[in-house]
Amino acid sequence: MSEKTPLLPVREKAYAKLNISLDVTARRGDGYHDMLMIMQTVSLCDEITIEPDEGGEVSALTGLPYVPGDRRNLAVRAALQFLELVGDEGRGMKITMRKAVPVGAGMAGGSADAAAVLRALNRAYGEPFGAEALCAAGESVGSDVAFCLRGGTALASGRGERLTPLPALPPCRFVIVKPDFSISTPELFRKLDSVKLSCHPDTEGLLAAIGNGDLDGMCRRMYNVFEDVPDRRMRSIRAAKGALLDCGALGALMTGTGSAVFGVFRDAKSAEATRETLRGEYRFCRTAESVGPLL
Ligand code: ATP
């Protein structure tokens, strides 16, 4: 067996993320924005299987008509990037994804898939790359891929790729609901650029609350500047937050650019009761818990 023959098939979980906070601190000259975000990996995940494909192509299968299976899929891009780095271009692979993370929800579903592919292929090839090199490969695929690779709790800055690990969140459970529409990230950034933001998250206060294990203090300070963008759909986002808070959530927030919204609960029992209450109203309604570092 050649050194470059990967041990396939390989399976990996692609965990979603939630934003405990999201701030946009500057618009940069290169068209990107400077962000400051506290991110948390959660147990809701896609399941990835990578198998050999004798045809020599890298393709993705999701079973979802609105998710492309070619190079537009971040998982395919991650695999091609990995094959180039490891010097095994031309190797065919079929990436099957059982998608559980909603698409266009602000939960980094595509980036999580890309990260899972990088972790899985690194394993299949006998760990040729360390965490740093894998993150560098991920960054070229997307800004959230580095966080999805490392997982856990982190402060993300720059485009989202500069990461500082944080202590784990205080014990809690999440209930995630998604109204029946998706929000395009570029569209929301354009709308954000058209307004002057007057409120920003108290990131320092949030970091202190997390460091002190103060769940109430964390929930009081959770904030996402995208909720202040003038967009009709934010009415439904506010309604979803209201529904979660009415069920006893300690705090509720839109994650990323939406449209998923989550509530924070002290324990599994109250989270499960909320899911039971809201599942008739929201087709997508799940409980989840925090997941620690992955690399
Ligand atoms: P983010 O939180 O990073 O803004 P999101 O959760 O809002 O991401 P995604 O679910 O990652 O958004 O998908 C957004 C777009 O990316 C969709 O239009 C989809 O077609 C495309 N896409 C590319 N690769 C994937 C993938 N593996 N899974 C889902 N969507 C993908």
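Counting starts at 1 for both ligands and their atoms, following the listed order.
- Every atom of ligand 1 with a heavy atom of Asp144 under 4.0 Å away is listed here by number and element: 3 (O).
- The protein reaches atom 26 (C) of ligand 1 closely, with a heavy atom under 4.0 angstrom from it.
- Salt bridge Arg150/Glu132: present, at least one basic N to carboxylate O contact under 4.0 Å.
- Distance from atom 11 (O) of ligand 1 to its nearest protein heavy atom, with residue and atom name: Gly110 N, 2.8 Å.
- Side-chain contact check for Pro201 versus Val225: some heavy-atom pair is nearer than 4.5 Å.
- Considering backbone and side-chain N/O atoms, Gly258 never comes within less than 3.5 Å of an N/O atom of ligand 1.
- For ligand 1 and Pro68, the ligand atoms under 4.0 Å from any heavy atom of the residue are 20 (O).
- Shown here, atom 4 (O) of ligand 1 is in close reach of the protein: a heavy atom of it lies under 4.0 Å off.
- Compare Gly106, Ala16, Ala260 by their heavy atoms: the one nearest to atom 7 (O) of ligand 1 is in Gly106.
- Aromatic ring pairs are classed by plane angle as parallel below 30°, tilted from 30° to 60° and perpendicular above 60°; the pair Phe174 and Phe262 is perpendicular.
- Note that CG of Leu253 and CG of Leu18 are 9.0 Å apart. Values are rounded to the nearest 0.5 Å.
- Lys269 has no carboxylate O lying under 4.0 Å from a charged side-chain N of Asp267, or vice versa, which leaves the two without a salt bridge.
- The protein heavy-atom contact nearest to atom 2 (O) of ligand 1 is Ala108 N, 3.0 Å.
- In this structure, Ser259 contributes its side chain and Phe181 its backbone to a donor-acceptor pair below 3.5 Å.
- The residue from Val117, Asp113, Val67, Val103 that puts a heavy atom closest to atom 13 (O) of ligand 1 is Val103.
- Under a hydrophobic clustering in which Ile, Leu, Val, Met, Phe, Trp and Tyr are joined whenever their side-chain heavy atoms come within less than 4.5 Å, directly or via other members, Leu188 and Val261 fall into the same cluster.
- Applying the 4.0 Å criterion to heavy atoms of Tyr66 picks out, from ligand 1, the atoms 20 (O).
- Leu155 and Leu294 end up in different hydrophobic clusters when Ile, Leu, Val, Met, Phe, Trp and Tyr side chains are linked at under 4.5 Å.
- The protein does not reach atom 15 (C) of ligand 1 closely, with no heavy atom under 4.0 angstrom from it.
- Here SG of Cys247 is found 6.0 Å from CZ of Phe265. Values are rounded to the nearest 0.5 Å.
- Any N or O atom pair closer than 3.5 Å counts here, and Ile183 shares no such pair with ligand 1.
- With respect to atom 12 (O) of ligand 1, the closest heavy atom belonging to the protein is Gly104 N, 3.4 Å.
- Shortest contact from atom 24 (N) of ligand 1 to any protein heavy atom: Leu74 N, 3.0 Å.
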Is there a side chain to side chain contact (heavy atoms under 4.5 Å, CB included) between Met107 and Lys178 once you walk through the steps? CA-CA 11 Å; Met107 300 184 71; Lys178 181 184 172 292; over 6 Å; no
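- Proximity to Met107 (heavy-atom distance under 4.0 Å) selects the following atoms of ligand 1: 2 (O), 6 (O).
- With a heavy-atom cut-off of 4.0 Å, Lys99 touches ligand 1 through its side chain alone.
- Ligand-side atoms of ligand 1 in range of Thr185: 4 (O), range being under 4.0 angstrom from any heavy atom.
- Nearest protein heavy-atom neighbour of atom 23 (C) of ligand 1: Arg72 O, 3.4 Å.
- Side-chain atoms of Ser143 and Glu161 include no donor-acceptor pair closer than 3.5 Å.
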